[in-house]
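What you see below is based on every heavy atom in this structure, not just the backbone, and it leaves out hydrogens, waters and symmetry mates. Both ligands and their constituent atoms are indexed starting at 1 by order of listing. Small disclaimer: the values here were computed from a predicted structure and weren't measured.
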Amino acid sequence: MLNIVLFGPPGAGKGTQSQKLIDKYNLIHLSTGDLLRSEIAAGTKLGLEAKKLMDNGLLVPDEVVIGMIENKVKEHRRAGGFIFDGFPRTVPQAQGLDKLLQDNGTEISCMIALRVDDEELTKRLLLRGKTSGRPDDQNEELIRKRVQEYNTKTAPVADYYAGQGKYFSVDGIGDIEEIFKDLCQKIDALKEKQEEKK
Ligand code: ADP
């Protein structure tokens, strides 16, 4: 299986690139942000609780997102692989994911990070807020809070995968197609290695 963690701060382009990667490699896209927003739209108890945190730029508790991901992984037992987008966002989430995949007889193949600086992120998110209708993209203070949450809680997740020799990164600024090409290059190199091992 090809299980990719697509990593990077809010606004790095994970959603855009995930869409292109799932088409090319036939993977299932699991975005905790999207899953949480559907819970909110459906007005579930989980959604109501999550909304309070999301509206303040804060992370939702680890157990909540791990539980959601677990359900989805089990729903797609026969998938060729997954792209995890916006997850894991903390080291305990990464540990939870490792355990969950191990229990299902598979593992993370790699983490690929999109490198984008803070100024560019703020610009992109404010622009996205104009059209996406996402409340968390319409307020500069909230955006800064999310980037701060990322820098303190999420950035260490990269070290977690680096420690397993699974971390790669590409430049996330520039042409969408160029960035996609760079991502594919990393993935194809990895797939070749996986094939050799077989
Ligand atoms: P972005 O990364 O572009 O800000 P997402 O759609 O990935 O947007 O997430 C939006 C919000 O949902 C986050 O700010 C956070 O409050 C919540 N969230 C999403 N994924 C997670 C996660 N894995 N753990 C905790 N909270 C999460």
Side-chain angles (χ1 to χ4, degrees), residues 3-19 21-22 28-42 44-73 82-101 108 111-158 160-161 169 172-173 176 179:
N3 296 313
I4 301 171
V5 176
L6 197 58
F7 193 68
K14 301 184 294 285
T16 306
Q17 296 295 339
S18 291
Q19 204 51 53
L21 291 169
I22 56 174
I28 305 267
H29 181 211
L30 293 183
S31 153
T32 40
D34 288 350
L35 292 172
L36 289 167
R37 280 185 290 275
S38 359
E39 294 283 341
I40 293 175
T44 64
K45 183 160 172 281
L46 190 160
L48 288 174
E49 291 295 318
K51 186 173 182 333
K52 286 187 218 151
L53 295 161
M54 291 165 75
D55 283 350
N56 286 296
L58 298 171
L59 294 182
V60 171
D62 291 336
E63 319 76 76
V64 173
V65 283
I66 293 172
M68 286 191 325
I69 290 285
E70 185 165 15
N71 290 339
K72 288 287 163 188
V73 167
F82 295 96
I83 291 197
F84 298 96
D85 164 4
F87 175 89
R89 251 176 162 95
T90 64
V91 171
Q93 288 181 21
Q95 289 163 337
L97 179 62
D98 270 354
K99 175 160 190 315
L100 160 65
L101 292 180
I108 288 298
M111 161 183 271
I112 313 180
L114 293 166
R115 298 188 309 264
V116 180
D117 61 73
D118 288 5
E119 279 318 300
E120 170 77 12
L121 294 174
T122 311
K123 257 198 314 199
R124 285 189 191 177
L125 290 171
L126 285 171
L127 194 71
R128 181 168 85 184
K130 286 186 186 154
T131 53
S132 71
R134 272 180 57 171
D136 58 345
D137 285 345
Q138 293 177 24
N139 168 326
E140 186 153 351
E141 199 187 323
L142 212 60
I143 290 175
R144 297 220 179 265
K145 180 76 204 160
R146 280 154 64 204
V147 172
Q148 190 192 332
E149 283 276 271
Y150 174 82
N151 287 331
T152 55
K153 295 184 184 152
T154 306
V157 179
Y160 179 84
Y161 288 101
S169 76
I173 298 188
I176 290 177
I179 299 168

Query raised in the report: Which atoms form the tightest heavy-atom contact between L125 and P10, and what is the distance?
Result: CD1-O, 3.7 Å
**Report entry** Atom-level proximity to ligand 1, residues with heavy atom under 4.0 Å
**Finding:** P10, G11, K14, T32, G33, L36, R37, M54, L58, L59, V60, V65, G86, F87, R89, Q93, R128, R134, D136, R146
Query - Check against salt bridge (Lys or Arg N to Asp or Glu O under 4.0 Å), K145 and E141 - result: CA-CA 6 Å; K145 180 76 204 160; E141 199 187 323; over 6 Å; no
**Report entry** R146/D137 ion pair, N-O < 4.0 Å
**Finding:** yes
Query raised in the report: Can you name the nearest heavy-atom pair linking L6 to S18, along with the distance?
Result: CD2-OG, 3.5 Å
Report task. Step by step, work out the side-chain contact (heavy atoms from CB on, under 4.5 Å) result for I173 and R124. Result -> CA-CA 11 Å; I173 298 188; R124 285 189 191 177; 4.2 Å; yes
Atom pairs and distances, donor-acceptor, side-chain atoms in residues 91-100, under 3.5 Å, two or more places apart:
| from | atom 1 | to | atom 2 | distance (Å) |
| --- | --- | --- | --- | --- |
| Q93 | OE1 | R89 | N | 2.8 |
| Q93 | NE2 | D62 | OD1 | 2.9 |
| D98 | OD2 | Y160 | OH | 2.6 |
| D98 | OD2 | Q164 | NE2 | 3.0 |
| K99 | NZ | D103 | OD2 | 3.0 |

